[in-house]
Structures are given as structure tokens and as C-alpha cells.
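Taking it in order: structure first as C-alpha cells, then the write-up.
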Amino acid sequence: MTHTTFGASSTTGDVLAGIDLTGKTALVTGGYSGLGLATTRALTQAGARVVVPALRPDAAQQALADVAGVEVDRLDLADLDSVRAFADRFLRRHSALDILIESAGIMACPETRVGPGWEAHFAINHLGHYALANLLWPALTAADTARVVSVASGRNPAWRIRWDDVQFEHGYDKWEAYTQSKLANILFARHLDLLGGPHRVRAFSVNPGWVRTPLQRHLAAEEMVAAGWIDADGAPAPGLFKTVEQGAATQVWAATSPQLDGNGGDYCVDCHTTEGSPTDSSEAARLWALSADLTDLDLIA
């Protein structure tokens, strides 16, 4: 475990104190809402130029109107043609990418099919980001050193990839679909770091903790009351939720902390790496191979 003075209550401002990102280029998916917006604000305040790819560019422009040093472009993570087009535009405009934070995601949505019939959680939370990292590989390796941060969730050791039915074609469960995609985020970062280390590209996965954001938009109030997240009046359970600045702190820390210069592949919680391997390396390699087959992309070597 990495020993730091930061913890669950640390904010993005705390972890970036004394860090100068002037001249650095960062990309934050979902960077105009929730944790992503807090991340974009923090990185720009530290001097970085931040590219925010957005499904709804107009909404992103509005949300980021008061943030200097931001470039908005269109990206639909559910559409590989859109991912390719975005990556082409990025590579024409930017010679290097120092920080890639894959923060966009969906949670517990009704059964939805995208692309060639892919289950939406797996497609958007994992496959779209897998494709994006592959296509931006030339820019990541062009940086002196680069970091990729995959925003996952709290991890339960019981989570599994449904290898026999990854796309939930035989019985859909919104929470199983979500947790599978978040485990995929962790596995992705672990294998990406294995491949990227020799090229000075390190990868991490993070658990932001409990944060109230638009991520919960598919959940009815009654469901959150039953889960104990909020009371009948909509007030959050005391001590359960972090602020967005606290929730985004771990992904910002993983993307920028000098303490992690010798690390990679770690699963990070509350601005610390966790002890031991968070995943089975063979599972990570198996997921990478499956993702390469599904997207027809395997450009990292």
C-alpha cells in the first residue's frame, strides 16, 4: 500500500497542492458532469489543457463555460465509428497525451443494446474506453510519461465476468451488468499497465467511493430509500456520501501523484493503492483478448 497523507476526506485541491501541470494535456471522458466535471476543473486549475469528449457537446460547453483551458469534442462511447473519428481528430490536433482518465459511465440502466447488439454497460463502461485507449496509443507513448486511470467502483471479490454470456443475452440483471463492467475496468487497467510499462505508460483503476451524481439517474427514489442511501425525504444517509471533489480526488491523485512514479496496475481507494493484486492476471489477459476480438482493435504492444 502507498503511504500518503491523503484519505477519504481529501479533495482534488488537496492532492494537487504543489503540482504544476502546465504544458500537460489531459483527456477526461465524462468530464462535464459529476466526478468528471470535478476532475476537469481540478486539472485545469493545476495548469493542464483538458480535452473533454462529450456525447452532448452543447451540454458540455454549457457546463464548462466558466472553465478555462478546455477543449470539447464529440464522442459516443457506444459507437466505435464515433470513437475512431474522435481519436483521429485528437491525433491531428495533439502530439501527445499525458493523462487519460476514463470517467464516463452508466449504472443500473434498463436493458439496452448498442452497436452490434452489445449490452450497454459493457459497451460504454468498458469496450468504448478500451477502444479509445488503443486508438490514442500513439499520443500516450509520445508523452514523456503517461498515465491512464480507469474509474471503477467498490470491488466485491464475488464479482465475475460472465464469460459464457458477457452480453447478458440470457437473463438481464442491471446490477450484475454494472458490476461486470466495473470489474472489467479494473482488469483493463491491470493488463494495460503490463503492456504499457515498457513504453512509460502506467495504468491504474480507482474506486471513487459513494458520491451522489447523475450516475444514479436510472434509480427510482424508492430504490435508493430501500437500499438505505437516502431517507424518505431524499436526504442522504449521514456519513455515506462524499462530495464530488472528494470522490474525484482518487482519480486525480492516481493521474498525477509523484508517489506513484514506480507503480502501475494498482486498484486505488481513498488516495491509496491497495495491498496485493486486485485481480487475476489471467482473467485480465482473457478480457483483453475478448475486447480485442469484439472491437477488432489490439494496437498496444
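The model shown is predicted, which means the values in this text are computed figures rather than measured ones. In this chain, numbering begins with 1 at the start of the sequence shown.
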Rounding to 0.5 Å, atoms CG (Asp266) and CD1 (Ile186) come to a distance of 12.0 Å
Rounding to 0.5 Å, atoms CD (Glu111) and NE2 (His121) come to a distance of 11.0 Å
Just wondering, do [Y] and [X] contact through their side chains at under 4.5 Å, heavy atoms?
| X | Y | answer |
| --- | --- | --- |
| Ile99 | Leu27 | no |
| His126 | Ser291 | yes |
| Phe86 | Val51 | yes |
| Leu35 | Gln251 | yes |
| Phe188 | Glu102 | yes |
| Arg49 | Lys24 | no |
| Gln62 | Tyr32 | no |
| Tyr178 | Ser153 | yes |

Show your reasoning for whether side chain to side chain contact (heavy atoms under 4.5 Å, CB included) applies to Asp79 and Val114. CA-CA 8 Å; Asp79 180 353; Val114 301; over 6 Å; no
Tell me if a side-chain donor or acceptor on [X] pairs with a main-chain N or O of [Y] at a distance below 3.5 Å.
| X | Y | result |
| --- | --- | --- |
| Thr29 | Ala104 | yes |
| Ser33 | Gly30 | no |
| Asp293 | Leu290 | no |
| Thr274 | Tyr267 | yes |
| Asp98 | Thr25 | yes |

Notebook entry, point to check: With a 4.0 Å cut-off, would you call Arg41 and Asp66 a salt bridge?
Noted result: yes
_Electrostatic pair Arg113:Glu119 at N-O distance under 4.0 angstrom_ = no
According to a hydrophobic-cluster definition based on side-chain heavy atoms being under 4.5 Å apart (Ile, Leu, Val, Met, Phe, Trp, Tyr only), do [X] and [Y] belong together?
| X | Y | value |
| --- | --- | --- |
| Leu192 | Leu299 | yes |
| Leu194 | Leu100 | no |
| Leu294 | Leu187 | yes |

Salt bridge (charged side-chain N to carboxylate O under 4.0 Å, His left out) pairs touching residues 80-93, sequence neighbours excluded, are Glu71-Arg93, Asp73-Arg89, Asp73-Arg93
Side chain to side chain contact (heavy atoms under 4.5 Å, CB included) evaluation trace for Trp163 with Leu287
CA-CA 9 Å; Trp163 297 112; Leu287 177 66; 3.9 Å; yes
- Check the pair Asp173 / Arg162 against salt bridge (Lys or Arg N to Asp or Glu O under 4.0 Å), numbers first and verdict last. CA-CA 12 Å; Asp173 180 281; Arg162 287 182 28 158; over 6 Å; no
Exactly one of Val50, Thr40, Val206, Leu43 clears side-chain contact (heavy atoms from CB on, under 4.5 Å) with Ile101, and that residue is Leu43
Margin query: If only side-chain N and O atoms count, and only distance matters, is there a donor-acceptor pair under 3.5 Å linking Trp288 with Asp298?
Written below: yes
